[in-house]
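Worksheet for the structure shown next.
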Amino acid sequence: MDNETIGSTLDQVADLLEIEGASVFRVRAYRGAARTVSALASPVSTLPEKGPGSLEELPGIGKDLAGKIRELAETGELALLHELKSRTPESLIHLLELPGLGPKRAKAIHEGLGIDTIEELEKAAREGRLRALKGVGPKLEAQILEGIAARAARGKRISLAEAEAQVEPIVARLRETEGVSQIEVAGSYRRRRDNVGDVDILVAADASIAIGKKLISDPATDKVLADGDTKTSVLLKSGLQVDLRVVPVESFGAAMHYFTGSKAHNIAIRTLGVRRKLKISEWGVFQEDKRLSGEREEDVFASVGLAWVPPELREDRGEIDAAREGKLPKLVERADLRGDFVEGNLDADGIAAIASAWGAKGAAWLVVLGATRHDALRAQKHAGKVTLFAGAVVPVGADGSIGTSEDVDVVIGEIHAENLDEKSITQALVTAAKSGRIHVLARPWNGGKPKQFDVEAVAKVCREHGVLLGLDARPGFLAGADGYARAVKDTGARIAITSRAASADEAAHIRFGLDQARRGWCEAKDVANTLSAEELENLLARR
DNA sequence: GCCGTTTTCGGCCCGACTGTTTTCAGTCG
């Protein structure tokens, strides 16, 4: 069973435990483990049984959960899940997806009315039978019906690129509101997750300003979900949920920290605060009832003895220990990048357009995929100061064999992995990396999802043979790229971010790859795009 | 279920909003 499926199975267990009324801490433990396993770059089966790097060493995973994760990885089954399903119908999990319905009400609905499915729930709501339950009135009943009708549209996560396109115009309009001193997007958007479920906009201003009303009347807004003094939630016409919070200037840093998350990071930070007898909330850092700080985000970290942590790292994946020990990475930045890998069906104008953007940044290069050396030399005169390399994407066979390529400078090996299991892919990639015939190994991809393999094992061979590991920056190819980058970095190998752009507009996509590299703790030295043209040429020549 | 610069047992983040209430439970992030 792959990591993602193990994660969603553990989430199912958490859902059922929650409906049963199990300890919230036990539920939290399952959710934490689900998150941790889903984020692992390599399959659970490749982790060592004991000692460093083993399951038990992962934060929030102890003996019990490690055993359950192994049970799932090896057998695809989990005895506990069967047991839970025998007591509580699995279909109740879907009730939790409806807004306003949580575990308590789901349980009450099941036990009080004998309802197990969304269909039965809809029927009961239409007949007005739900309000027989304590704590449920006509409004909640209507909300549930509305939620059932809209359930296809909402709850879906969209790509970061799509979210940016929707949210930036709204923020620009809100920014014009009088009395706004600062406005920022927080949440997973600020952490640069490759997909976002909703968007949190944070405003520093007097609570009395009418910015919530402004969001409600924004042309992109479809429906109002909540409308309080400090919090306004709306659903856009696209189905994306936007939450707007207004906080006073003196709380802006604390609020930015809180609403940026992640939830797991916040819990860890607040736990550190508890040990120091501090209370940390979105309003600031407090001792007793005395307010200590909160205007700047740095204040929150400083109050628990930590350096400021870049948002991309705030996932409770070791950033807190690193911040305490002064070992946070100096993350690679846009200004560090000097080159890219672009598609070759560009005409001279296309190459000139992309090259001029890079040329402004000093010694720069482009690898043009699908071009021969001859093409590259011919195009060079349009590229100005930017050095052009000819590149080719060649297939890697199931046995690790490399296809033939034209006369090029850079060869990217791409495996066609549809029918291969983890072990076969790993083996094929290792063989390909050792062949001496490729410079970059593309990330295996299959049916809209990254293919799992033993990233550490492959990256180790790549490091020894000077092969770069590709990170495809196109939106839609970024799933799990952060964990992949982290695993590559930890092995000491280097990634190559490839925009695979076919136009100047698409060349801007490289920043989405950069986002994921940063989420993977990569510094400039871990990313081959930071090399100068000369350094890249030397690297290619060494092979 | 996890975990330990107060701990191997007793804790485990914090607040806003809503709808139902008669003082609060449930949900959400």
Side-chain angles (χ1 to χ4, degrees), chain A residues 10 13-14 17-19 21-34 36 55-69 80 95-109 130-144 147 154-155 186-189 196-202 207 212 224-233 241-247 251 254-255 257-286 294 300 304-305 316 321 324:
Chain A
L10 292 174
V13 171
L17 283 171
E18 224 175 0
I19 295 171
S23 148
V24 294
F25 305 109
R26 190 173 169 212
V27 173
R28 186 187 292 170
Y30 276 91
R31 295 222 188 275
T36 302
L55 272 174
E56 276 96 336
E57 298 276 311
L58 295 170
I61 295 181
K63 205 173 170 186
D64 185 275
L65 276 167
K68 295 204 165 67
I69 292 164
L80 172 65
L95 303 193
L96 304 180
E97 291 160 15
L98 300 172
L101 273 195
K104 297 281 164 51
R105 285 177 186 145
K107 187 181 189 193
I109 287 168
L130 289 187
R131 58 187 87 171
L133 296 169
K134 199 176 150 204
V136 181
K139 284 206 175 175
L140 206 49
E141 207 169 55
Q143 190 190 335
I144 287 169
R154 60 187 304 160
S188 52
Y189 186 102
V196 299
D198 57 21
V199 170
D200 299 286
I201 302 174
L202 198 60
V224 180
L225 301 173
D227 180 19
D229 285 342
T230 62
K231 177 184 169 181
T232 306
S233 285
Q241 183 174 330
V242 175
D243 299 334
L244 177 76
R245 330 259 175 168
V246 182
V247 297
S251 296
H257 177 257
Y258 175 65
F259 289 114
T260 296
S262 65
K263 193 175 172 123
H265 170 90
N266 285 354
I267 289 177
I269 293 284
R270 288 178 177 197
T271 304
L272 290 180
V274 169
R275 288 203 200 121
R276 296 178 176 228
K277 303 215 183 299
L278 298 173
K279 193 178 67 175
I280 300 170
S281 76
E282 60 265 52
W283 302 107
V285 179
F286 298 86
V300 176
V304 289
D316 195 20
D321 286 341
R324 186 189 299 117

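Chain A is the first sequence line, chain B the second, and so forth, proteins listed ahead of strands; every chain is numbered from 1. The structure presented is a predicted model; accordingly, all values stated were derived computationally and were not measured. Atom set for the values below is all heavy atoms of this structure, side chains included, hydrogens, waters and symmetry mates excluded.
- B:dT20 and B:dG26: their C1' atoms are spaced 10 Å apart (whole Å).
- For A:K134 against B:dT21, a side-chain-to-base donor-acceptor contact under 3.5 Å is absent.
- Nucleotides B:dT5 and B:dG1 have their C1' atoms positioned 24 Å apart, rounded to a whole Å.
- Judged by distance alone, with hydrogens and angles left aside, A:K139 brings no side-chain donor or acceptor close enough to the base of B:dG19 to form a pair under 3.5 Å.
- Here A:T271 does not reach the OP1 or OP2 of B:dC12: none of its side-chain N or O atoms lies under 4.0 Å away.
- When heavy atoms are screened at a 4.0 angstrom cut-off, A:K107 is found touching no nucleic acid atom at all.
- Checking the phosphate oxygens (OP1, OP2) of B:dC12, no side-chain nitrogen or oxygen of A:R26 falls inside 4.0 Å.
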**Report entry** Test log, rule side-chain contact (heavy atoms from CB on, under 4.5 Å), inputs A:K68 and A:V13
**Finding:** CA-CA 11 Å; A:K68 295 204 165 67; A:V13 171; over 6 Å; no
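- Nucleotides B:dT23 and B:dT18, compared at atom C1', are 15 Å apart to the nearest Å.
- At a threshold of 4.0 angstrom between heavy atoms, the contacts of A:V27 with the nucleic acid are absent.
- Closest approach to the A:D64 side chain among B:dC2, B:dG15, B:dG29 is made by B:dC2 (side chain taken as heavy atoms from C-beta onward).
- Using C1' as the reference atom, B:dG29 and B:dC13 are 12 Å apart when rounded to the nearest Å.
- Comparing B:dC17, B:dT27, B:dG19 by their nearest atom to the side chain of A:L140 picks out B:dG19.
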